Amino acid sequence: MQPIKWEICAQDGEARCGLLKTRRGVIETPVFMPVGTLGTVKGTRFETLESAELDARIILGNTYHLWLRPGAETIRECGGLHRFIGWERALLTDSGGFQVWSLGALRKISEEGTEFRSHIDGSLRFLSPEVSMQVQAALGSDIVMAFDECAPGKAEHEVAHASMLLTSRWAERSRKSFDALQKEVWSLESGVESQRLKSELHLTPDSRLRTPDSRLQTPDSELSGAQALFGIVQGAAHLDLRRESLSRTVEIGFDGYAIGGLSVGEEKSVMYGVVEEIAPLMPEERPRYLMGVGTPEDLIECVARGVDMFDCVLPTRNGRTGQAFTSRGRLNVKNAQWARDMRPLDENCSCSVCRRHERAYLRHLYITGEMLASILLTHHNLAFFLDTMRRVRQAIRSGDFTRFRREFLEGVNSGIA
Ligand SMILES: [Zn+2]
């Protein structure tokens, strides 16, 4: 039995519409996963994420941040990340590799792993494939990411090659360590022990939280109940390295495959080029995840190239800095031109913020530093991203994705008025 199951429901060109069954519910793909770095999708309550309006089926947690604070042991003792934060739907955790990479001068990479200074207190820490797998097991996420090394977007061939080979050795170690950890937990599968683990991992619905939603249920018998592990393809902008990385990763064997190391300073055309080359070569029967990407246009363009899963901080982060994503491009709420504008952020958006509030009020909240500005803009942005993906899925199912893509891009490029 497998930890997750993914099946294609419809295909239009390279664009795929599928169902991803996890131990914590069914996820329709292509899917956008809101980022919950520190165990919170900033500016949003979990009830809101679960509401019919947003209906986020899966969110992200950051291994690096949660490992430093409050610490893996604290979260384990509190029953795992789901229990700790009060979220019963699926969670994906990254490996911490990217965060450590982005620390730049504060880190030192060796064959063994990465040594770095904590951005919080400057203490010396060490992250390796084994440590990352242990932390992600303690967090109890439903999808675990292999520990990888990210080369800069513009890395020379030689540098990118060495980095890609290291990632592939780390992927093997991740797989080994992950399997040992799963075995430790799931081989105890008999009666009482299994029940205890299930409740410790919070796999049984918690009546405190909410009534289980039947649409999200996966029959227990279909899945193994263990965590799933995804491998990551690296190789910067070099297509030969990307292809080699993919074949090495597939050879090790994972439940799903991700493209990492994009959207890190390379040209947009380079990113699209890598995705266009690599996504169709990725195993057809496994979900494909493009990490850390991107704008609504990027999502559409990469769905068109065969990607199924996305995550990005843009809707939440930009919401906090006064930027709204709309069907006519980005709107900066602080601009003076909106001071008396009695239109919603997006006239084509039916989210609860657009139904109730106008630009003039949102600008006022932002200018006066009211926290409600961040909350409302974040809500609209998440609604826009998640609704866009709903429309993408619908377009693929009805064989209308090409037209949808053209009209969507025309819209966002037409400019806010
Ligand atoms: Zn809206």
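Just follow the structure's listing: the first ligand is 1, and inside any ligand the first atom is 1. What you see is a predicted model; the values in this text were computed from it and never measured.
Between F116 and Y64, the ring-plane angle classifies as tilted under the 30° and 60° cut-offs.
In this structure, K42 and T378 have side chains that are not in contact, with every pair of non-hydrogen atoms separated by 4.5 Å or more.
The Zn ion (ligand 1) does not have H379 among its coordinating residues (no N/O/S atom, backbone or side chain, under 2.8 Å).
The neighbour count for K108 NZ, taken as heavy atoms of other residues, nucleotides or ligands under 6.0 Å away, does not exceed 12.
For the pair SG of C354 and SG of C351, the angle at the Zn ion (ligand 1) is about 110°; rounding is to 10 degrees.
For F325 and F384, the distance between ring centers is not under 6.0 angstrom.
Among heteroatoms of the N, O or S kind in H380, ND1 lies nearest the Zn ion (ligand 1).
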